[in-house]
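Some notes on the structure that comes next.
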Number of protein chains: 2
Amino acid sequence: MNERSNSQREGSRAEASANAIVFIVEDDVSMRRSLTNLFQSVGLDVVAFGSAREMLQSKLPDVVSCLVLDVRLPGLSGLEFQTELAKSNIHIPIIFITGHGDIPMSVRAMKGGAVDFLTKPFRDQELLDAVIAATERDRKRRAAEQTVVNLKSLFETLSPREQAVMKLVATGLMNKQIAAELGLAEITVKIYRGHVMKKMRARSLADLIRMTETLGLRANRPEQT
Amino acid sequence: MNERSNSQREGSRAEASANAIVFIVEDDVSMRRSLTNLFQSVGLDVVAFGSAREMLQSKLPDVVSCLVLDVRLPGLSGLEFQTELAKSNIHIPIIFITGHGDIPMSVRAMKGGAVDFLTKPFRDQELLDAVIAATERDRKRRAAEQTVVNLKSLFETLSPREQAVMKLVATGLMNKQIAAELGLAEITVKIYRGHVMKKMRARSLADLIRMTETLGLRANRPEQT
DNA sequence: AGAACAACTATACCTACGTTTGTAATGCGC
DNA sequence: GCGCATTACAAACGTAGGTATAGTTGTTCT
């Protein structure tokens with residue numbers, strides 16, 4: 001129904017950002033085909049759609065990617081689609097292309113986090129540069145996200161009490177204070193604390209504190225200056 | 001030479017973002033005057049210039065502010081001015097206004113961090129909303145910046161040796177390891193470490209670690225997962 | 001019923017951390 | 001030369017952190 005070309009993935013040349021997928025949403029068939037060819041010619045994988053709904057209905061693979069999106073589309077417009085993706089917590093970097101755009105459109109797109117907003121006709125290289133920038137942005141976002149996810153899954157291996165102790169340790173309380181706070185004996189806190197260090201794979205308290213920062217933990221009580 | 005109207009700062013009504021300054025750079029005198037009136041009418045202080053150079057030559061007060069900037073200007077253009085300000089590490093949020101803009105201009109401006117890019121004619125409320133958003137952004141940036149500056153000045157009260165100890169503490173080393181690293185006796189490290197806690201006003205190790213994060217410290221040796 | 005685990009505590013012991021008091025050499029500014 | 005900050009260490013002491021061993025409940029899964 002639409003060209004779903006998981007291109008020549010081994011093209012002997014090692015282009016920058018190989019293995020990244022470029023999604024295309026563009027209703028004009030010839031434009032869609034020429035975009036597909038352009039990206040494939042530099043070794044990028046391409047998945048193209050004719051409308052926003054088609055893309056929403058397909059399940060997106062969880063790899064580094066970006067989206068080249070026509071502003072004017074049948075059904076959901078490009079800008080509306082951008083809003084929808086944001087609402088659905090899909091953070092794919094978007095490059096808009098348009099033949100008949102105006103400034104308010106471009107400003108709205110950029111405010112919404114778009115990587116670029118190109119007007120037809122544009123030079124191939126402009127678009128490729130934007131795609132490189134976009135995939136790079138996605139790669140970084142994914143790396144950061146992965147760090148958080150990894151830490152979260154470690155954190156979830158902690159028993160509720162261990163989690164509570166970890167939070168209070170992160171706020172800088174002493175074991176005896178934590179014990180008082182939770183109605184425990186100090187020795188119990190020490191033991192849970194030991195469990196926390198092991199399960200979180202923290203090599204030092206400094207390490208653990210940084211993990212709590214990344215996780216956005218920290219029990220109510222204020223501290224920091 | 002240009003209207004430098006530090007408006008009616010006590011207008012009985014307590015508008016949002018009072019005490020903020022709106023800078024205006026606009027060569028058209030009547031436009032400049034009407035912008036000035038608009039902002040003053042809602043209780044904002046205004047400082048207006050006819051060109052980018054005039055603004056660069058005046059010393060900018062260190063308070064929450066934003067810049068309403070015409071894209072088309074004699075001498076340095078609005079976009080060039082934006083670049084100059086960034087190069088000079090001046091982070092004032094910019095709202096562009098223009099009569100004859102195009103999409104590439106607006107995209108460049110937004111990529112450069114502009115808050116908004118309005119085309120004439122625009123409704124007063126649009127501009128005011130943008131100014132509110134811009135001053136709010138500046139307020140937050142300044143608060144974050146101030147935190148860092150405060151910590152930096154505390155850090156600079158530390159002797160070189162104390163700073164070195166602090167960095168190694170932040171990496172999670174034990175006192176004896178720090179001592180080995182610096183060629184000191186452990187007792188010496190303990191004493192310096194005590195100085196560090198006092199001088200940095202850290203109430204706990206967790207507190208100190210977070211300070212080092214904010215300061216971007218951390219000696220070479222990797223740790224974090 | 002029995003295994004497995006979470007939660008909780010105690011005794012004992014060891015290490016790490018932190019402070020106080022005191023000593024001493026070096027170097028800088030006035 | 002005097003004062004002062006910095007760097008450095010020691011002895012002594014007290015507190016905080018951490019582990020091992022061992023034991024009691026209580027729940028849940030099988």
Side-chain angles (χ1 to χ4, degrees), chain A residues 152-213 217-219 221 223-225, chain B residues 151-213 215 217-219 221 223-225:
Chain A
K152 271 214 178 93
S153 74
L154 284 181
F155 184 70
E156 271 151 24
T157 67
L158 300 179
S159 75
R161 277 311 215 187
E162 288 163 354
Q163 293 186 357
V165 168
M166 178 165 163
K167 282 183 193 168
L168 294 174
V169 167
T171 69
L173 296 191
M174 287 188 307
N175 287 343
K176 67 169 82 167
Q177 295 174 305
I178 296 171
E181 194 83 16
L182 298 178
L184 296 176
E186 191 183 345
I187 184 67
T188 309
V189 173
K190 287 183 181 182
I191 290 166
Y192 290 174
R193 190 168 173 163
H195 295 168
V196 168
M197 295 298 285
K198 271 193 196 59
K199 291 186 179 177
M200 296 299 295
R201 297 196 177 86
R203 275 164 288 183
S204 63
L205 180 58
D207 221 3
L208 191 76
I209 301 296
R210 280 191 285 268
M211 289 177 186
T212 63
E213 289 296 289
L217 295 186
R218 189 131 84 265
R221 45 180 70 228
E223 238 194 305
Q224 185 86 315
T225 308
Chain B
L151 281 182
K152 270 215 179 93
S153 75
L154 284 182
F155 184 70
E156 271 151 23
T157 67
L158 300 179
S159 74
R161 276 312 215 189
E162 288 162 352
Q163 293 187 356
V165 168
M166 176 165 166
K167 283 183 194 170
L168 293 174
V169 167
T171 70
L173 297 190
M174 289 187 305
N175 288 341
K176 67 170 82 167
Q177 295 174 306
I178 296 171
E181 194 84 15
L182 299 178
L184 295 176
E186 192 184 344
I187 182 68
T188 309
V189 173
K190 288 182 181 180
I191 291 165
Y192 291 173
R193 190 168 172 162
H195 294 169
V196 168
M197 295 298 285
K198 271 195 195 58
K199 291 186 180 177
M200 295 301 293
R201 296 195 177 83
R203 275 164 288 183
S204 64
L205 180 58
D207 221 3
L208 191 76
I209 301 297
R210 279 191 285 268
M211 290 178 184
T212 63
E213 289 296 287
L215 285 169
L217 294 185
R218 190 132 84 267
R221 47 181 67 228
E223 238 193 306
Q224 186 87 313
T225 307

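Values below: all heavy atoms of this structure, side chains included; hydrogens, waters and symmetry mates excluded. Throughout, protein chains are lettered first and strands after them, A, B, ... in sequence-line order, and every chain is numbered starting at 1.
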Without decimals, in angstroms, what is the distance between B/Lys190 NZ and C/dA16 C1'? 7 Å
Working to the nearest 0.5 angstrom, can you tell me the gap between B/Leu217 CG and B/Leu215 CG? 5.0 Å
Tell me which nucleotide among D/dA8, C/dC8, C/dT20 gets nearest to the side chain of A/Thr188. C/dC8
Among D/dT6, D/dG17, D/dA10, the one nearest B/Lys199 by side-chain distance: D/dT6
Between C/dC8 and A/Arg161, is there an OP1 or OP2 to side-chain N/O distance shorter than 4.0 Å? yes
Value in whole Å for how far the P atom of D/dA16 lies from CD1 of A/Ile178: 13 Å
When rounded to the nearest 0.5 Å, the distance separating CZ of A/Arg203 from CG of B/Leu173 is 11.0 Å
Does B/Lys176 put a side-chain nitrogen or oxygen below 4.0 Å from OP1 or OP2 of C/dA16? yes
Would you kindly compare A/Met174 and A/Gly194 by the position of their nearest DNA chain D nucleotide and give the one closer to the 5′ end? A/Met174
Side-chain N or O of B/Asn175 versus OP1/OP2 of C/dC17: is the shortest distance under 4.0 Å? yes
Please find the pair of heavy atoms, one from A/Val169 and one from B/Ala206, that lie closest to each other, and give the distance. O-CB, 4.2 Å
Quickly work out the A/Leu205 CG to C/dG18 P distance and round it to whole Å. 10 Å
Rounded to the nearest 0.5 Å, how far does CE of A/Met174 lie from CG of B/Leu205? 13.5 Å
Would you tell me if any nitrogen or oxygen in the side chain of B/Ser159 comes within less than 4.0 Å of OP1 or OP2 on D/dT6? no
Straight-line distance of B/Glu162 CD to B/Met200 CE, nearest 0.5 Å: 11.0 Å
Judged by each residue's nearest nucleotide on DNA chain C, which is more toward the 5′ side, B/Glu186 or A/Thr157? A/Thr157
Among D/dC9, C/dA10, C/dA7, find the nucleotide with the atom closest to the side chain of B/Ile191. D/dC9
Quick check for you: among D/dG17, C/dA10, D/dA10, whose closest atom lies nearest to any side-chain atom of A/Ala185? C/dA10
Any A/Tyr192 side-chain nitrogen or oxygen under 4.0 Å from OP1 or OP2 of C/dC8: yes
